[in-house]
There are 2 protein chains.
Amino acid sequence: MSTPQGARARARIEVTAAIKEEARKQLAAEGAARLSLRAVARELGMVSSALYRYFPSRDDLLTALIIDAYNSLGETAEAADAGAEDIGPARRWVGVCEAVRGWALAHPHEYALIYGSPVPGYSAPEATIPPASRVGLLLIGIVRDAYGRHGVARDRLPAELEPEARRMAVDLAPDLPPEVVTALVAAWAQLYGLVGFELFGQFNNVVVEREAFFRHAAARLAHGVGLVFP
Amino acid sequence: MSTPQGARARARIEVTAAIKEEARKQLAAEGAARLSLRAVARELGMVSSALYRYFPSRDDLLTALIIDAYNSLGETAEAADAGAEDIGPARRWVGVCEAVRGWALAHPHEYALIYGSPVPGYSAPEATIPPASRVGLLLIGIVRDAYGRHGVARDRLPAELEPEARRMAVDLAPDLPPEVVTALVAAWAQLYGLVGFELFGQFNNVVVEREAFFRHAAARLAHGVGLVFP
DNA sequence: CCTCGAGCGAGAGCACTGCTCTCGAAACCG
DNA sequence: CGGTTTCGAGAGCAGTGCTCTCGCTCGAGG
């Protein structure tokens, strides 16, 4: 599996990678909607129909880019948290949030591809689910660590949400209290609200010092899931 | 201005409205990226070039739809809050949030148009700013009312954010304390994170009882800006 | 070693898009 | 009434995703 036998198989891998690379370049430059199969093929010196030997449709190419983007974001977030166990859970949380924001600012079109409006008529295939979960799992892990070491603050759930909260806890983090898991899921979504508003221009003429604003908001999110600063 | 003189001016208004209506229909059915000028013209029994007498480009038509969408959302939110002064600020806040979510679920493609990834190469014109502000202003108004009547909970800002917080307060709500305005702006963005995640499928296989989950999250947002339930 | 099928690139072509230009008819205004 | 503006129709351009066919070439099986 790691060593393709023939020259043909090797070429296929290389061409596939070259297509993705060129597509990613166009995505970064122009955005998903302006990504053109023909332009990618042109840039690679092939004819557009040849590209269909590698990706059955434009959507499949986009899906490959989506998976790569999720993994790139996940890797960035994980790298930011690596070896940071001793700075305390709240700081780790804020660090991961800042890594997500930083990645989004550096790759706006890729961020838009995965967290903006989904391409119309396009529904994410199964293969995107694990890469898409990486940041969420990382955040869960931070709270789990905190819960195990110093405990976390908790507040009560309304009765109507208790069954759902228990269900989410079983699915996502059976070792955490349901009210914490609920807060975690909400904070996860809210994080992307903050990033998206900054990225998509909703903060224009509203927030100027965005980094400081974001850091503070992320710290409040941490507080909301029960993490405390030492 | 209210009574167009000639039959020509009247016809122009009617045709413009018909174009927008048909475009909105296609937008709702297929999404912004698949909205086609030619298809709109075809459906209206005109030829595509005729449509350019009314909208100089596809982007201009989209802009008109964006403004309408902002106004529709704003109207819905304002209607939900109308005459609700006596249920208390926290309940009013949650009510407005639920109205936003309800509108988004009812008009997913229009929501994606205004709060999803911006159309590539497209930057929002001045004319979209006032309609886009309606929900934000409504939320500010609720907190202002609460502040005037019973006061709001406040927590401290980090030093690095104080100048920015004061600046935002001057711009948005000079009568509110800067830390409340800061929390308000963050909550405003976070609200759209919650709605967007639900709408764009990020909650699939994660959150099931979405209405109850959202109500709870919105209540926590209210708490975050200092509103308390009676 | 040779052969035959599978993989591959090129090219033509289809149906579609946004947009421009021109032309003739209709409506408006002095 | 006459001149000007406004409008719809049509043709056309450059671009898109995608399909199909045609040869060439590579490589696995006999």
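A note on names: the letters A, B, ... follow the listed sequences, proteins ahead of strands, and every chain is numbered from 1.
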Atom CD of Glu30(B) and atom C1' of dT17(C) are separated, to the nearest Å, by 14 Å

By ring pair (Phe, Tyr, Trp, His ring centres under 6.0 Å), Phe214(B) pairs with (sequence neighbours left out) none

Contacts of type side-chain contact (heavy atoms from CB on, under 4.5 Å), residue Ala39(B), not counting sequence neighbours: Gln26(B), Ser36(B), Arg42(B)

For the pair made of CD in Glu14(A) and P in dC8(C), what is the distance, rounded to whole Å? 13 Å

Set of side-chain hydrogen bond (donor to acceptor under 3.5 Å, both in side chains) partners for Glu78(B), sequence neighbours left out: Arg134(B)

What is the distance, rounded to the nearest whole Å, between atom CZ of Phe55(A) and atom C1' of dC18(D)? 16 Å

Residues two or more places apart in sequence or in another chain: which of them pass side-chain hydrogen bond (donor to acceptor under 3.5 Å, both in side chains) with Arg92(B)? Asp81(B), Asp145(B)

Name the nucleic acid region contacted by Tyr54(B), choosing base, sugar-phosphate or nothing; use a 4.0 angstrom heavy-atom cut-off, strictly under. sugar-phosphate

Regarding Arg24(A) and Glu110(A), does a basic nitrogen lie under 4.0 Å from an acidic carboxylate oxygen? no

Residues at least two apart in sequence or cross-chain that pass side-chain hydrogen bond (donor to acceptor under 3.5 Å, both in side chains) with Ser72(A), listed by chain then number, are Trp103(A)

Interatomic distance, Leu51(B) CG vs dT20(C) C1' [rounded to whole Å]: 14 Å

Using whole Å, report how far CZ of Arg12(A) lies from P of dA6(C). 15 Å

Could you give the CG-to-P distance, from Asp60(B) to dG18(C), as a whole number of Å? 13 Å

With sequence neighbours left out, what residues match Pro108(A) under side-chain contact (heavy atoms from CB on, under 4.5 Å)? Leu199(A)

Do any N or O atoms of the protein come closer than 3.5 Å to N or O atoms of nucleotides 15-17 of chain D, and which pairs are they?
{"unit_1": "dT16(D)", "atom_1": "OP1", "unit_2": "Ser36(A)", "atom_2": "OG", "d": "2.9"}
{"unit_1": "dT16(D)", "atom_1": "OP2", "unit_2": "Arg42(A)", "atom_2": "NH2", "d": "2.6"}
{"unit_1": "dG17(D)", "atom_1": "OP1", "unit_2": "Leu37(A)", "atom_2": "N", "d": "2.7"}
{"unit_1": "dG17(D)", "atom_1": "OP2", "unit_2": "Leu37(A)", "atom_2": "N", "d": "3.2"}
{"unit_1": "dG17(D)", "atom_1": "OP2", "unit_2": "Arg38(A)", "atom_2": "N", "d": "3.1"}
{"unit_1": "dG17(D)", "atom_1": "N7", "unit_2": "Arg38(A)", "atom_2": "NH1", "d": "2.4"}
{"unit_1": "dG17(D)", "atom_1": "O6", "unit_2": "Arg38(A)", "atom_2": "NH1", "d": "2.9"}

Rounded distance in Å - CZ (Arg10(A)) to C1' (dG27(D)): 14 Å

Extract from the structure each pairing of a protein N or O with an N or O of nucleotides 20-25 of chain D at less than 3.5 Å, listing the distance.
{"unit_1": "dT25(D)", "atom_1": "O2", "unit_2": "Arg8(A)", "atom_2": "NH2", "d": "3.2"}

Aromatic contact, Tyr192(B) with Tyr192(A) (centres under 6.0 Å): no

Could you pull out all residues at least two apart from Glu21(B) that satisfy side-chain hydrogen bond (donor to acceptor under 3.5 Å, both in side chains)? none

